[in-house]
Protein chains: 2
Amino acid sequence: MSDTAGGTRRRGRPSRTESAGTRDRILSAAREEFSERGYEKTSVRGIAKAAGVDPALVHHYFGTKEQVFEAAIEVAFAPALAAPETIGDGPLDTVGERLTRFFFGLWENPATRTPLLAIVRSALNNETAAAVFRRLIAAQLLRRIAAQLDLPDAELRAELAAAQLVGCAVLRYVIRAEPLASADPERIIARLAPVVQGHLTGP
Amino acid sequence: MSDTAGGTRRRGRPSRTESAGTRDRILSAAREEFSERGYEKTSVRGIAKAAGVDPALVHHYFGTKEQVFEAAIEVAFAPALAAPETIGDGPLDTVGERLTRFFFGLWENPATRTPLLAIVRSALNNETAAAVFRRLIAAQLLRRIAAQLDLPDAELRAELAAAQLVGCAVLRYVIRAEPLASADPERIIARLAPVVQGHLTGP
DNA sequence: GTCTATAAGACGATAGAC
DNA sequence: GTCTATCGTCTTATAGAC
């Protein structure tokens, strides 16, 4: 019953025999490291040092480095995948604002920003992260929004809207380019919401 | 008279005693490797193998790995920095189209796309590449365009326009997300030019 | 559950032969 | 100008003691 390795995967089973919060400390440290340095520059040893544990423990709990990464970004899925319901409900002529606000809500919240940073910082060089990125952006957000538009270019429209938001996230949160990085979120949203709306339902 | 590199740096000096195109073969291979894998995943040994030369030769010609990277992306500067002149000249109400067309001209041309890919793929994890990225995007393109707008939010406007273009480049050329990756450039430009124009001169 | 010890290898960089 | 040989450091990952 408490077989930690049973089922489809052997990870993600915090059986009651493990020490207090060691697993969570590793996971938290891993998120921090991956979000700051990206996949390649992050080392298992670095994660272990940040968590104050032995490097062998990281492998003990999660397996390979890639499995550590998967576990670290897993928490980004729940909120992001819950999005389409929230955004889809409501009048179509304000969907741009709902989508933009939802997007910045994720990035302005430190708890969700960290795994997102880890994904974005790694997505350009790591195929696993790239796949996650596509799934997060394209499959979920866009297709369900595009499905509500009965225009021929619906998917392209949705993707260009996503390009605007993603580009803004890269410049503001990753590269930290000024003055965008220090601008008030509301000012950005005020400028971006109509643009996103225009992409989706404009001429 | 034939000093191509001048006196400030010791690199970039293809003295007539070196073998035919060895230096260029290394440089070309380096660009390819950096553009495909990013800075961290690219190794000096990998570059040497792709160029068909000994790894020691890479160091011999360029010094450290970082100096190889700088030499590899150097060619991206000339065309990109020549941009503001071209874009700045002309009526302000079509600057969006000129900027968008110039941007896609760079990315659709394989010769300029490769070093740009190397920069973008590395900019999120490598501080050198990030600095180049900022210089390319912010300092040159934006400030000179923003200088022509006499609006209070000029710089923020220009940066959000850049965010739209950069986001599009990331999704189309780096992540290769569909349908954007396979879309006809003219269709994308037709949708993006008005948006960029709106960012710069809109309400 | 936690740690020591170590395997097995890739990496950047250099010295020096030819 | 080109290559061989190598140093020293880092990495992921595992086996096994406690």
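Chain naming here is simple, since letters A, B, ... match the order of the sequence lines and numbering starts at 1 in each. What's counted below: heavy atoms across the whole structure, side chains too, no hydrogens, waters or symmetry copies.
- For the pair B/T22 and D/dG1, the criterion of a side-chain N or O lying under 4.0 Å from OP1 or OP2 is not met.
- In summary, B/R134 and B/E127 engage in a salt bridge, as defined by a charged side-chain N under 4.0 Å from a carboxylate O.
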Close N/O contacts between protein and nucleotides 4-9 of chain D (under 3.5 Å):
unit_1 : atom_1 : unit_2 : atom_2 : d
D/dT4  : OP2    : B/D54  : OD2    : 3.4

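- Between A/H59 atom NE2 and C/dA8 atom C1' the separation is 14 Å, expressed in whole Å.
- Considering only side-chain atoms of A/S43, the nucleotide from D/dT11, D/dC3, C/dG12 that sits closest is D/dT11.
- When every heavy atom of A/A193 is checked against every heavy atom of A/T100, the shortest pair comes out as CA-OG1, 3.6 Å.
- Comment: B/D153 engages A/R187 in a salt bridge, judged by a side-chain N to carboxylate O separation of less than 4.0 angstrom.
- The distance from atom NZ of A/K65 to atom P of C/dA10 is 16 Å, rounded to the nearest whole Å.
- Regarding A/H60, its NE2 atom lies at a distance of 5 Å from the P atom of C/dG1, rounded to whole Å.
- A/R172 has a carboxylate O that lies under 4.0 Å from a charged side-chain N of A/E108, or vice versa, which qualifies the two as a salt bridge.
- Atom CD in B/E66 sits roughly 16 Å away from atom C1' in C/dC11 (whole-Å rounding).
- Expressed to the nearest 0.5 Å, how far CG of B/L92 lies from CG of B/D150 amounts to 8.5 Å.
- The CZ-P distance, from B/F62 to C/dT14, rounds to 16 Å in whole Å.
- Per the geometry, NZ belonging to B/K41 stands 15 Å off C1' belonging to D/dT11, to the nearest Å.
- Counting to the nearest Å, the P atom of C/dC11 and the CD atom of B/E33 are 11 Å from each other.
- Proximity note for A/Y61 (side chain, C-beta onward) versus C/dG12, D/dG1, C/dT2: the nearest is C/dT2.
- Taking the six-membered ring where the residue is Trp, A/W107 and A/Y173 present parallel rings, their angle staying beneath 30° rather than reaching 60°.
- With rounding to whole Å, A/K49 atom NZ is found 15 Å from C/dC3 atom P.
- Note on B/K65 versus B/E40: no salt bridge recorded, every NZ/NE/NH1/NH2 to OD/OE distance being 4.0 Å or above.
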